[in-house]
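A short write-up of the structure that comes next.
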Amino acid sequence: MTEAADAEISPREAEVLGLVGDHLSNAEIAARLCISIRTVESHVSSLLRKLEVPDRRALARRAPVRGGAVPDRPAAVLPAPLTSFIGRARERSELAALLKEHRQVTAVGPGGVGKTRLALAVAADAAGAYPDGVWFADLVPVTDPGMIAAAVAGALGLGEQPGRDLAESVAAALADRDALVVLDNCEHVLDGVAPFLERLLATCPRLTVLATSRARLMVPFERVYLVPPLSLDAGGDSDAVALFMERAAAVGRPLDAALRGQIAAVCARLDGMALAIELAAARCPTLGLDGITAALSHPLRMLTGGSRADERHRSVRAALDWSHALLEPADRALLRRVSVFAAPFTVAAAAEVAGVEDGLAADGLARLAEQSLLVVAAAPDGTEYRALETIRQYAAERLAEAGEPDEVRSRHLRWCLARAAGLEVARPDWRARFDQVADDLRAALAWAAEQPERRADAFGLARRLAELAFTRNLTGESQRRFEQAAALAAGPAESAAMLRQAAAVAGCRASGDDMYRLRLAAASAARDAGDLAGAAVDLATAATMAFRYWATFVRVPSRDEALALITDARKAAASDRTTQAGGDPGALAAVALAEAAVVADAFGAVQGPADNVAVPETIARAERAVELAARTGDPLAESAALDALTCAHIWAGDTFAAAARSRRRVTLLSSLPPSPAVIHELIDALGMVTEATLGAGDMPDACRWARQLDGHPSLAEVGHRAPLMVDALAGNVEEVLAGSVRLLDAWRRAGSPARAHLGPAVAAVAMVHGLRDDHDAQRGWREILDRLDVSAERAHGYAAVFDGMLLLHRGQARDALERMAPEASEVWKWVSWIWHHWYVALRTEAVVLAGDPGARRHVTEARAAVAGNPVAEALVARAAAVLDGDRDALLATADAFDAAGCPYQSARTLLLAGGEHAGRGTAAFAALGLAPKAVSLW
């Protein structure tokens with residue numbers, strides 16, 4: 001970092017830079033600093049320019065370490081040990097050497113041998129060898145093998161990407177990274193870790209994984225390192241003795257060196273097991289070495305059974321048995337009962353789950369902490385306690401021996417249900433509060449789901465966890481939990497309701513195949529419940545989804561398949577005996593919408609005809625669907641039908657009707673309480689209204705909808721493409737640069753997929769960089785565009801508009817005309833839909849400035865074509881003023897552009913006017929952050 005760049009960074013930008021270096025997402029940074037996500041984007045964009053780095057990944061490498069220096073490589077994201085690391089020089093060297101030679105190494109050993117501490121030390125030593133960072137994921141709280149990817153994604157700071165599960169997001173984020181990931185405590189979720197790692201290693205060729213486990217993972221390319229006990233070879237100078245003396249000194253006073261021989265004997269009795277030595281050392285101030293030696297002769301030292309135990313396991317068990325035997329009965333009970341917690345817990349939580357008074361719990365927890373059986377930490381809500389995993393597992397065994405698991409886990413379940421019900425999502429700290437309790441909710445659900453007598457509680461917890469996970473943007477988990485709730489439901493009617501919720505979440509994830517599957521499953525459940533009208537709605541909705549959201553499918557249902565579903569939906573509706581003679585309104589509306597989608601191809605699906613020549617029929621069917629949906633009183637049904645009608649108007653080239661219908665959709669949805677179905681529909685509606693109003697030239701409304709869309713919590717991690725298009729055409733350069741950072745980051749984390757729908761946003765960003773004369777950035781974004789889209793829509797639609805606008809900015813009118821060579825009437829409206837008026841107006845300007853002999857005819861035709869669009873009208877009026885040589889008329893368009901919300905075009909008008917106006921135009925361009933061109937015509 002240069003001194004100049006360093007001086008330019010504000011205190012707030014420095015905070016943001018530090019959090020970027022900690023691998024937090026924009027949403028997490030915003031929550032940490034209590035600012036908006038948009039503000040974070042602006043700071044990140046500003047930092048990219050000031051530090052002259054190309055992307056967020058490079059920016060993270062420039063984040064200062066605590067102390068002010070700027071490292072060349074990202075700091076390792078590893079937990080800070082609470083105590084010093086002692087010895088293990090040989091083991092550190094051996095394990096480090098294995099990591100250099102093998103992509104996946106598993107440090108294997110019994111509980112308490114010191115696997116985690118050794119892995120952390122080696123990872124910290126090796127951090128400099130991994131340019132793209134070192135991350136640590138603790139799998140202790142993970143109770144569901146399917147949540148491995150979520151734990152790793154959390155460690156990487158990844159949010160969920162629409163259209164991808166978290167395993168895909170992790171693989172995409174690490175695909176090109178030379179990085180090290182540490183997976184700690186894998187043994188209890190081997191069934192999830194093994195397939196996850198096999199997939200990850202196959203798709204991330206430069207990734208190295210260091211795992212710790214009590215058993216090998218059994219994945220290809222795994223190299224196992226057996227972690228030995230601490231060295232006893234050197235007697236009084238061994239690693240084991242050094243650890244004992246250091247830990248004993250930490251809780252009392254330093255031990256006399258003359259005692260080393262006696263300490264070595266104690267460590268030998270404990271077979272050099274790190275945990276056992278630490279527990280024994282913690283007793284030294286109260287028992288002394290003589291007392292410890294006597295205690296180790298207690299019969300409880302020997303393991304009483306279990307074929308899986310080897311000698312080293314026996315020593316850990318001996319130390320734990322010994323520590324446990326020294327506890328008062330009440331403290332033993334408290335220790336075994338708090339073992340059900342999967343995450344750190346408070347005194348109040350422990351009291352409730354253990355079934356004791358708060359005061360007794362507080363005293364007992366303090367004594368357990370003093371005996372090194374619990375770890376204490378300060379938290380925002382007060383002091384928290386947790387047991388090290390080996391101790392927690394030991395205590396869980398004692399819980400089973402005491403015959404208390406059902407009683408204690410039932411109390412834990414009640415505690416979890418209360419915590420889940422009490423999480424108010426309106427509170428600013430709700431996200432942190434959910435994260436604190438989420439692992440316990442998952443653990444309680446896993447237990448309750450296996451208890452037939454707890455089925456109702458399990459259903460309630462699964463449904464609530466699904467709702468909370470959705471609000472937390474953990475959409476993959478939310479979908480799974482709704483599906484789990486469907487399996488736990490008391491009857492098929494409840495099951496159908498949960499499956500519909502799961503389908504809505506799948507829609508938010510842009511997973512068409514899951515949407516389709518879950519709606520068909522809901523139809524089956526509804527039939528079982530005797531709800532034939534509901535089944536008809538589900539079947540028809542599945543058919544509509546196949547065409548409305550075809551781009552989100554991996555296997556796109558065929559037209560014949562969708563038509564068969566519509567036939568089944570009609571039969572189900574006709575068989576329903578519970579509704580009035582005319583039929584169930586919801587079923588009638590759903591079938592009508594499916595017919596508009598599938599039969600008339602209102603959405604322009606890939607399964608439909610290449611050209612929709614039956615536009616009047618499409619509009620008629622869509623209008624009928626809207627009419628029937630309005631009778632249901634269901635805003636979601638009416639919004640979906642209006643979407644079909646909006647697209648039908650697009651087919652017809654009716655820009656203003658499309659904008660009006662899309663506005664109606666947002667009005668219908670805006671007042672509804674949030675739910676997966678509402679949010680799925682609302683995001684779609686906001687995207688459509690932003691683009692449709694942009695097409696109609698209503699820039700103030702388009703900007704307003706774009707801001708609402710961009711600020712929606714469900715898009716916090718990934719953003720949306722539409723705001724970039726609006727801001728680029730308006731001239732809001734800072735907004736484009738800030739938004740492009742998130743777009744690029746999200747796209748790369750998603751694996752850089754070839755998604756054509758991102759093309760307009762990428763083209764918009766490329767144009768803005770071109771307007772700024774940043775040719776390298778423009779070239780980079782155009783390369784991305786080439787990977788995304790090679791369709792006719794790009795060639796003659798959005799890309800023609802952005803390319804033409806840039807060429808006109810540079811004074812290359814002839815090139816602009818050549819780029820927009822086809823007459824607007826020759827371009828199929830589905831290709832140029834929201835761009836139609838922009839294309840007509842910009843092409844007219846190119847015709848005039850290029851001196852085309854047919855310019856006057858073009859101006860006349862263009863005026864008629866864009867009538868009612870304030871921006872396009874002003875563009876055509878400016879072209880006419882240039883053609884007529886009327887400077888006053890030309891200047892009048894500057895006011896028109898200002899009124900229409902297009903500062904870029906207003907500044908361009910002043911430059912075209914020249915003379916004393918050119919200076920104002922140059923200043924206006926500079927204020928926008930653009931490079932003005934000498935294009936004056938006077």
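Values reported hereafter were calculated over all heavy atoms of this structure, with side chains retained and with hydrogens, waters and symmetry mates removed. Position 1 is the first residue of the sequence; numbering continues from there.
- Side-chain atoms of P870 and F897, non-hydrogen and from C-beta on, never get closer than 4.5 Å to each other.
- A salt bridge links D710 with R742: at least one charged nitrogen is closer than 4.0 Å to a carboxylate oxygen.
- When every heavy atom of A728 is checked against every heavy atom of M805, the shortest pair comes out as O-CE, 4.2 Å.
- Under a 4.0 Å N-O distance rule, the pair R631/E627 qualifies as a salt bridge.
- Between T844 and the options L875, V859, T860, a side chain to side chain contact (heavy atoms under 4.5 Å, CB included) holds for only V859.
- At a threshold of 4.0 Å, the pair R843-E861 does not count as salt-bridged, since none of the basic side-chain nitrogens sits closer than that to a carboxylate oxygen.
- The aromatic ring centroids of Y904 and F925 lie less than 6.0 Å from each other.
- No side-chain N or O of N732 forms a donor-acceptor pair with one of E735 less than 3.5 Å apart.
- Between A766 and Q778, the shortest heavy-atom contact is O-CG, 3.4 Å.
- The residues D701 and R663 are annotated as salt-bridged, a charged nitrogen and a carboxylate oxygen being separated by less than 4.0 angstrom.
- Heavy-atom neighbours of E823 CD from other residues, nucleotides or ligands within 6.0 Å: above the threshold of 12.
- We find that R707 and D727 are joined by a salt bridge, their nearest charged nitrogen and carboxylate oxygen being less than 4.0 Å apart.
- The pair R779-D774 does not count as a salt bridge, with every side-chain nitrogen at least 4.0 angstrom from each carboxylate oxygen.
- Closest heavy-atom contact between T618 and A602: CG2-CA, 3.7 Å.
- Ring geometry, W835 versus F802: the interplanar angle exceeds 60°, so the pair is classed perpendicular (tilted spans 30 to 60°).
- The minimum heavy-atom distance between A800 and A795, with the atom names listed, is CB-O, 3.6 Å.
- Side-chain contact between R664 and E638 is present, with at least one heavy-atom pair separated by less than 4.5 Å.
- One finds a salt bridge joining R548 and D643 here, because a Lys/Arg side-chain nitrogen approaches an Asp/Glu carboxylate oxygen to under 4.0 Å.
- Between R787 and E783 there is no salt bridge, since no side-chain N of the basic residue sits under 4.0 Å from a carboxylate O of the acidic one.
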- Test side-chain contact (heavy atoms from CB on, under 4.5 Å) on S639 and L682 and set out the steps. CA-CA 9 Å; S639 173; L682 179 61; over 6 Å; no

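- Between R665 and D684, at least one side-chain N (NZ, or NE/NH1/NH2) sits under 4.0 Å from a carboxylate O, which counts as a salt bridge.
- A salt bridge is absent between R794 and D789; no separation between the charged side-chain nitrogens and carboxylate oxygens falls under 4.0 Å.
- A salt bridge is absent between R878 and E873: the closest approach of a Lys/Arg side-chain nitrogen to an acidic carboxylate oxygen does not fall below 4.0 angstrom.
- Between the side chain of R819 and the main chain of G804, no donor-acceptor pair closer than 3.5 Å is present.
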